[in-house]
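Quick note on labels: first sequence line is chain A, next is B, and so on, each numbered from 1. Side chains are part of it too, since the values below use all heavy atoms of this structure and drop only hydrogens, waters and symmetry mates. Remember, predicted model here, so these are calculated numbers, not experimental data.
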Amino acid sequence: MAASSDRNPPPFPATEDPGAGRADMADGDSDEGEDIFVSNSNNPVAVSRGVSQPDHVNEMPPDLFSEEEANNTTARSNGVHSDDDNDLFAEAHVELSTDKPGSARKELSTSSGTHPASSITQSPAAMQPTSLEQLEDEEAKDSFDVDVAVTNPEKVGDGMNAYVTYKVSTRTSLPMFKSKAFSARRRYSDFLGLYEKLSVKQSLHGCIIPPPPEKSVVGMTKVKVGMDDPSSVEFVERRRAALERYLQRIVSHPLLLQDPDVREFLEREDLPRAVSTQTLSGAGFLKMINKASDAVNKMTIKMNESDTWFEDKFQEVESEEQQLRKLHALVDSLVNHRKELCGNTAIFAKSMAMLGNSEDNTALSRALSQLAEVEDKMEQLHQEQAASDFFIFEELLADYIRLLGAMRGCFDQRMRAWQRWQEAQSTLQKKRESEAKLLWANKPDKLQQAKEEITEWEARVTQYERDFDRIGVTVRKEVLRFEKEKAKDFKSQIIKYLEAMQQSQQRLIKFWEAFLPEAKAIA
Amino acid sequence: MMEEVKEVTPCLSVHGHNIKVTEVLKDRDTLTFLIVSQKLSGTGEYHVDRTYDDFEWLQQQLFFQEDMPGIEGVIFPPLPAKPQVNASAKVIKQLGFLGLGEWQPYCKALEAFLRQVTAHSILSKNKAVEIFLTSSDPPGRQRARKNIFNRLSQAVEEMRKEGHKDVDEFFQTERDHNLVLTGCTKTAAERFLDVVLTEQKIAVASGYFSAALHLCVEPGENPDTQAFSKACVKLSEVFDSMKKNMARVAENNVSTLGLGLDLESRYQEAEKEMLFRRTCKLVELETAKRNAEKAKPVKKAAMEEVRKAAETEFDLICGVAKQEIALFHSVRVEMLQQALVQWCEKQLCTAKESADQFGQHLQAFRGMAW
């Protein structure tokens, strides 16, 4: 933060030193909603005005990103080629509206009026006045350099050709991006296309490339036909959340983040339509993985695993996948029962309302009607609980299962790399043998060719061996990274879940406390 | 409410309001209920064991109480349907809330029945009640006589009488009202039962999830995999708590509002039956009147006798019925109020406990070292 004090920040209504303690800022500028950026590595960018705390995006993404984008991407054209972060303040940023704090997922009119006050630099709008505690929290956590959010699903077109686009918003401090915050609209096939591109890259072999959510013909057809019924709404929300997690996993992966395709996906205004995304339905994806495994099993040259680590890990992965599948099925059953409870509670509430209406004892009648209302509120609670179970656990487990599948794919890639190396070695051997034969047969011109081929294959052998080693290293790193993320992820989700449960119990207590006097009042 | 007592009417020697059905014993196909009542004088208790057949005997005795004209105007405390060990699905459905659990709700319903009988000014004086509660030998378990007071066994053509227009506005209103309430209450009870059954399913599902999580221990010394395993085990505890909480919520529902709605529903049916009996008498009376009017002089006097008798009887019944209805209205409101208050208090208590537990779990998770 200190770095920024060297600069002369343009006059900003309420603060002097942008680099000063965040706490002060929050207090001083609560109207303006100072954005506080806590950076880890890229610290010259004490872009205090710059990026709002990305860390909390996971909890409330829309708030962070709901403002500026369109203004950003257009006007900010070439203003900020932020290779030199220190110049940020020297550049003219676009004026942004600060008066729309965190509107959750509403379709914000992108042309919100620009902030009259500051003409030069402007903090990309505030989320909301960040509380002191929140700031302290943010300080304690590591922050991401990039954060993405997927919001605002919109149906485009009509009938069977309709599709849904999502707003993908990015906020970052990294120089490799053209701007600090921007967004683009993407459709599902774009996400699949990204996955396809990443999967085939040699450079990424061994990396666990997070798989996107599966295709669903049934789900999408319902949405195409009409987007209003609850199951379609749920489907779209489920997909939106899954796409968001998908992107978040990609950008939190150091290697993937560097990939130009990822950058293009996030930044580019219009993406060429991805076509070959046929293979990636849920069943198709699994088939692909399993086919690869089978191919490896059928390999004639059995791999002599010098390092038992890989063998052990592979077993672990397989058994873990089994366990997770079982857990997933159990949560699914739990979620269904909760939904059933919602329905039953609603019906019961109605029947109590009817009973209350028919009752002629006034106090009793009123109490029964109150009861009906309490039950209605409880239905709401049950609904939320079901959603909580679902989105926190069921989807998380589904993600892990898919990731484990991807991990198995990595192991396969390593096997294939080994195979390639072995095959190259045996080819080299054959070439040497034929060279020997040629020497003996004394055919000088063919000999020359043979020698050239040998050199070529020697190079290949070396290359493939290096590839194999490299993949081995990558896979190991990836597995460890996955395990680390998984543990962290899991814990934070559980805490979120418990907090939600505690809250709903508190609300339940309130309902009962409100009802008790009504019940007692029956004379 | 009989003020004038011509002879010494048998009085109960026990308190009625605190009769308890303390236990139920299963013996292959039979259920035996243990009933405990407090002696009026002194500090003794009566412990008797009775089967459902004994209860039915008691009910018969009450129905066929002699020397009690106008008894058809009594709203008889409803006896729950017959229980069965290893009951069929149909029987379970019929029993509703009473078929749940290990017969505890059923015991409570029997308890309520006995308390209502002993609280009833007319019925409590029936000798059978004293015998039932105090005799160490089970009362005569003769074959139950055909219960002519039970409308279910009434002939189909008698059903037509149900809609017969009344001569008294009070009763017509009561009949209409009762019809509506019976339907609503029955529906409400059934819907509530559905809620309870789903809650039980959730408890079971939470239990399964908890058990599965407990098995999610991964091998290896990698601190991250160990952390994950630890989290699974802790989460398993959370879902175990949730299972217990849900089970308790369901149980609270059954033992308070569930039983309350069930009793209310059966009581409304009992009132319906009484009103129907009265209506039948009304029809009988009107028939007798017509017969008397149309009778040829030869038979006229006899018909007049019949008519007079019918009228007297009918008036008596109406008198008793009116009192019973008034009593019924106040008793049922009180009963429902109790049920609602208890329900609310129990659920509030459970919710508070549960919130505390979640708080503890939350703390434990936050404090876990990673």
Would a 4.5 Å heavy-atom cut-off, applied to side chains only, mark Gln322(A) and Glu318(A) as touching? no

Practice prompt. State plainly whether the residues Glu320(A) and Lys313(A) are in salt-bridge range, i.e. N to O under 4.0 Å.
Written response: no

Highest number of heavy-atom pairs under 4.5 Å with chain B among Asp489(A), Leu480(A), Asp312(A), Asp360(A) belongs to Asp360(A)

- Verify the distance criterion only: is there a donor paired with an acceptor across the side chains of Glu478(A) and His253(A) at less than 3.5 Å? yes

Worksheet item: Is a side-chain donor-acceptor pair under 3.5 Å present for Gln385(A) with Ser504(A)?
Response: yes

Those residues of residues 343-352 of chain A that come under 4.5 Å of chain B on a heavy-atom basis, listed by number, are Asn344(A), Thr345(A), Ile347(A), Phe348(A), Ser351(A), Met352(A)

Honestly, the part of Leu362(B) sitting under 4.5 Å from a heavy atom of chain A is both

Residues Ala364(B) and Lys234(B): closest non-hydrogen pair is CB-CE, 3.7 Å

Within residues 204-216 of chain B, contacts to chain A at heavy-atom distances under 4.5 Å involve Ala205(B), Ser206(B), Tyr208(B), Phe209(B), Ala212(B), Leu213(B), Leu215(B), Cys216(B)

By residue number, those in residues 346-358 of chain B with heavy atoms under 4.5 Å from heavy atoms of chain A are Gln347(B), Leu348(B), Ala351(B), Lys352(B), Ser354(B), Ala355(B), Phe358(B)

**Any side-chain heavy-atom pair of Leu95(B) and Leu100(B) under 4.5 Å** = no

Inset, instruction - Determine whether Val196(B) and Lys201(B) make a side-chain contact, defined as any pair of heavy atoms from C-beta on separated by less than 4.5 Å. - result: no

Do Cys232(B) and Phe490(A) make a side-chain contact, defined as non-hydrogen atoms from C-beta onward lying under 4.5 Å apart? yes

_Just so I know, are the side chains of Glu324(B) and Phe328(B) near enough to count as touching, which here means a heavy-atom distance under 4.5 Å?_
no

Quick one about Glu340(A) and His382(A) (side-chain donor to acceptor, distance below 3.5 Å, no hydrogens or angles considered), yes or no? no

Cut-off 4.5 Å, heavy atoms of chain B, and the answer for Glu499(A) is both

Okay, His329(B) and chain A: the region with an atom under 4.5 Å from a heavy atom over there is neither

Given Val374(A), Leu324(A), Ile495(A), the one with more heavy-atom pairs under 4.5 angstrom with chain B than any other is Ile495(A)

Ionic contact status for Asp224(B) with Lys488(A), cut-off 4.0 Å = no

For Glu394(A) and His328(A) the tightest heavy-atom approach is O-CD2, 3.3 Å

When the 4.5 angstrom heavy-atom criterion is applied to Asn357(A) and chain B, the contacting part is neither

field: Residues Glu321(A) and Arg408(A) bridged, charged N to O under 4.0 Å
entry: yes

*asked:* Taking Phe515(A)'s backbone N and O only, do any of them form a donor-acceptor pair with Gln370(A)'s side chain (distance below 3.5 Å, no angle check)?
replied: no

Checking heavy-atom separations under 4.5 Å from chain A, one finds in residues 251-267 of chain B Leu257(B), Leu261(B)

- Message: I'd like to know if the side chain of Ser333(A) reaches the main chain of Ala329(A), judged simply by a donor and an acceptor atom lying under 3.5 Å from each other, with no hydrogens or angles considered.
- Response: no

The interface call for Ile494(A) against chain B, heavy-atom contacts under 4.5 Å, is side chain

Under a 3.5 Å cutoff, is there a donor and acceptor pairing between the side chains of Asp176(B) and Gln172(B)? yes

- Message: Please check: side-chain N/O of Thr182(B) versus main-chain N/O of Asn178(B), any donor-acceptor pairing under 3.5 Å?
- Response: yes

So, the part of Val341(B) with a heavy atom under 4.5 Å from chain A: the answer is both

Answer key: most heavy-atom pairs under 4.5 Å with chain B among Met354(A), Arg338(A), Glu316(A) is Arg338(A)

ask   = Do any N or O atoms from the side chain of Gln116(B) and from the backbone of Pro77(B) form a donor-acceptor pair under 3.5 angstrom?
value = no

Between Arg278(B) and Cys318(B), the two heavy atoms sitting closest are NE-SG, 3.3 Å

Cut-off 4.5 Å, heavy atoms of chain B, and the answer for Glu513(A) is both

Next item on the list: Could you tell me whether Lys322(B) and Asp168(B) have a side-chain N and a carboxylate O separated by less than 4.0 Å?
Entry: yes

Below 30° counts as parallel, above 60° as perpendicular, anything between as tilted: where do the rings of Trp512(A) and Trp343(B) land?
perpendicular

Could you check whether Arg245(A) pairs with Glu395(A) (Lys NZ or Arg NE/NH1/NH2 to Asp/Glu carboxylate O, under 4.0 Å)?
yes

Bottom line for Val180(B): the part with an atom under 4.5 Å from chain A's heavy atoms is side chain

### Task
Given side chain to side chain contact (heavy atoms under 4.5 Å, CB included), test Met501(A) with His361(B) step by step and report yes or no.
CA-CA 11 Å; Met501(A) 290 301 281; His361(B) 284 301; over 6 Å; no

Whatever's closer than 4.5 Å to a heavy atom in chain B on Glu375(A) counts as side chain

If one checks every heavy atom of Phe511(A) against chain B at 4.5 Å, the contacting part turns out to be neither

